[in-house]
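The structure under discussion appears below in the form of structure tokens.
As the structure is a prediction and not an experimental result, all values here were calculated from the model.
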Amino acid sequence: DSQALAPLAGASVSLRLSGGRRLQSPPGQTARPTTSRVRLAVMNLLGEALPGCRWLDLCCGSGVMACEALQRGAAVVVAVDRDRRLVALARTNLEAVRKGSSHDPALQVHGADVLHWLARGRGELPPFDLIYVDPPYGAGLYGPIAAGVTAGQWLRPGGTMVWECASNAIPAVPAGWHCRDQRRYGGCSLLLLEPEGLPGPPAVA
């Protein structure tokens, strides 16, 4: 939900997880937090894949999507954003949710340009089950991020990459990927992508 627009200033929007927990939110127009309707839709679409999953959140913004995954039992959450003010906010939110969880998830938050971060490689990190991608809608990052995910083998076989994008400017599905589900929620759309030739879970009706 990262979309840098203005300095941190002014009133902030109310931000709550679907379970009711209040999170710290970015003041003013520093970021575009994913709406509660879309967050709930994502969680429902991913469903049984969430408990115990490894979740990578690219352009994480306030960290609200990663917090939703953590709340639903993600075992590992890694979040990345280039805006260090938002990184600090995401870390605060994720740590608060982790403290309230019944399991003991692993958590990492990185301040870095997402393409440079992906290009560094996974190192000792195992591939992820679910990757959430929500860059600034008009930044042209969807294709390059998908290429970085593929090159670094960041997604495990059978895993899913989710794109959140503008409904009036849906990015083309990149070569080597298959869109197994697409949903529209007003001005926001979701694409569930999986690598071609690899089995994934069925679409949710």
Ignoring hydrogens and angles, tell me if any N or O in the side chain of [X] forms a donor-acceptor pair with the backbone of [Y] under 3.5 Å.
X: Arg54; Y: Pro127; value: yes
X: Tyr185; Y: Leu190; value: no
X: Asp129; Y: Trp55; value: no

* Take atom NE2 of His116 as the centre, draw a 6.0 Å sphere, and report whether it contains more than 12 heavy atoms from other residues, nucleotides or ligands. => no
* Residues forming a side-chain contact (heavy atoms from CB on, under 4.5 Å) with Arg184, sequence neighbours excluded -> Ser167, Ser189
* To do: Take the angle between the ring planes of Trp154 and Phe128 and call it parallel below 30°, perpendicular above 60°, tilted in between.
  => parallel
* Asked: Closest approach of Ala66 and Val77, non-hydrogen atoms and distance?
  -> CB-CG1, 3.7 Å
* Structure fact -> When every non-hydrogen atom of Leu155 is compared with those of Leu130, the smallest separation belongs to CD1-N, 4.3 Å
* **Identified side chain to side chain contact (heavy atoms under 4.5 Å, CB included) counterpart of Val114 within the set Asp81, Ile145, Val133** => Ile145
* Using salt bridge (Lys or Arg N to Asp or Glu O under 4.0 Å) as the criterion, list what pairs up with Arg91, not counting sequence neighbours. => none
* Structure fact -> Taken to the nearest 0.5 Å, the spacing of Leu89 CG from Ser62 OG works out to 6.0 Å
* Would you mind reporting whether Leu70 and Arg98 have side-chain heavy atoms less than 4.5 Å apart? => yes
